[in-house]
Amino acid sequence: VPLEETSLPLFFGWFLLPGIQDKVRCTSMDFLKTLDTLEAFKKHLPDFTVEAEKEVDLEQYFQANGVLHCTTKFCDYGKAEGAKEYADKLAVKELYGSAFELSLSALFVTPRTVGARVSLSEDQLTLWPADAEEVVSVVPAAATLPAGSRAHITLGCAEGVEPQQTGFDLLEILALQQEGQEGELVEEMELGSLAYYGKGRWLLSLREPISAQACFSSLYG
Ligand code: 2AM
């Protein structure tokens with residue numbers, strides 16, 4: 001493979017620092033542990049898993065993968081559309097290696113993924129690719145959502161599910177909200193309010209957003 005084809009990373013993104021990774025993982029575990037004991041969750045279990053199970057252990061159901069991060073641009077070593085343009089952006093070059101404070105505003109769970117929503121600041125949006133929400137073939141309403149809507153941290157995926165699914169799952173929930181569906185408020189939990197959006201989709205809006213220190217960098221994998 002010629003060097004110029006490998007000089008771009010697999011992806012750019014914000015990588016959470018070790019201490020805060022532990023905190024986010026623990027918070028997510030606590031949430032999953034509580035969620036699968038709730039009567040409301042049990043009631044909607046058939047929406048969650050097609051298997052005729054009476055119970056599901058969410059901590060086992062999702063597999064964690066690697067260092068926690070919020071992808072900005074998936075480059076696929078230069079093969080992805082717009083990869084080179086993104087890498088050449090002034091903001092990307094200038095801010096590479098800088099520290100950021102990400103705001104994690106919600107946790108969400110679907111039959112496919114568990115993730116954290118990241119609410120980007122104006123500064124952080126300068127690193128957000130313009131085409132990230134243009135995924136109409138997967139989530140039709142996504143293109144009408146504000147830039148940055150897809151920003152998330154994948155916390156786990158069900159067996160056989162690709163991590164990029166987490167962003168699609170988040171966009172689906174946000175599209176429902178935009179259409180005026182607020183979700184069915186299920187419970188006030190210690191962490192925040194839990195709402196159900198049908199088809200096994202759960203969103204916990206955090207009472208206190210989690211502030212996560214992260215470094216803008218890239219992964220070659
Ligand atoms: P994620 O950002 O939803 O976690 C390496 O595979 C990383 O790049 C993962 O973090 C993954 O998903 C993200 N990723 C993989 N394919 C992608 C794609 N086509 N578009 C955007 N992000 C992608």
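Counting starts at 1 for both ligands and their atoms, in listed order.
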**Request:** Check which hydrophobic residues are tied to V161 through side-chain heavy-atom contacts below 4.5 Å, counting indirect links as well, and list them.
**Result:**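 Members alongside V161: none; it stands by itself.
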**Prompt:** With F12, which residues qualify under ring pair (Phe, Tyr, Trp, His ring centres under 6.0 Å), at least two apart?
**Reply:**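 Residues passing ring pair (Phe, Tyr, Trp, His ring centres under 6.0 Å) with F12: Y86.
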**Message:** Just to verify, what does F15 make a ring pair (Phe, Tyr, Trp, His ring centres under 6.0 Å) with, not counting sequence neighbours?
**Reply:**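 With neighbours one apart ignored, the set is F11, H69.
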**Message:** Testing the 3.5 Å rule here: is there a donor-acceptor pair between the side chains of W128 and E133?
**Reply:**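 Present: a donor and an acceptor within the cut-off.
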**Message:** Just to be sure I understand the cut-off, which residues have at least one non-hydrogen atom under 4.0 angstrom from an atom of ligand 1?
**Reply:**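 Residue list for ligand 1: F11, H69, T71, F74, R150, H152, T154, P163, Q164.
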**Item:** Aromatic ring pairing Y196/W202, orientation class (parallel under 30°, perpendicular over 60°, tilted between)
**Value:**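 If you compare the ring of Y196 with that of W202, the planes turn out tilted.
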**Prompt:** With a cut-off of 6.0 Å (strictly less than), are more than 12 heavy atoms of other residues, nucleotides or ligands near CD of E55?
**Reply:**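 No, not enclosed.
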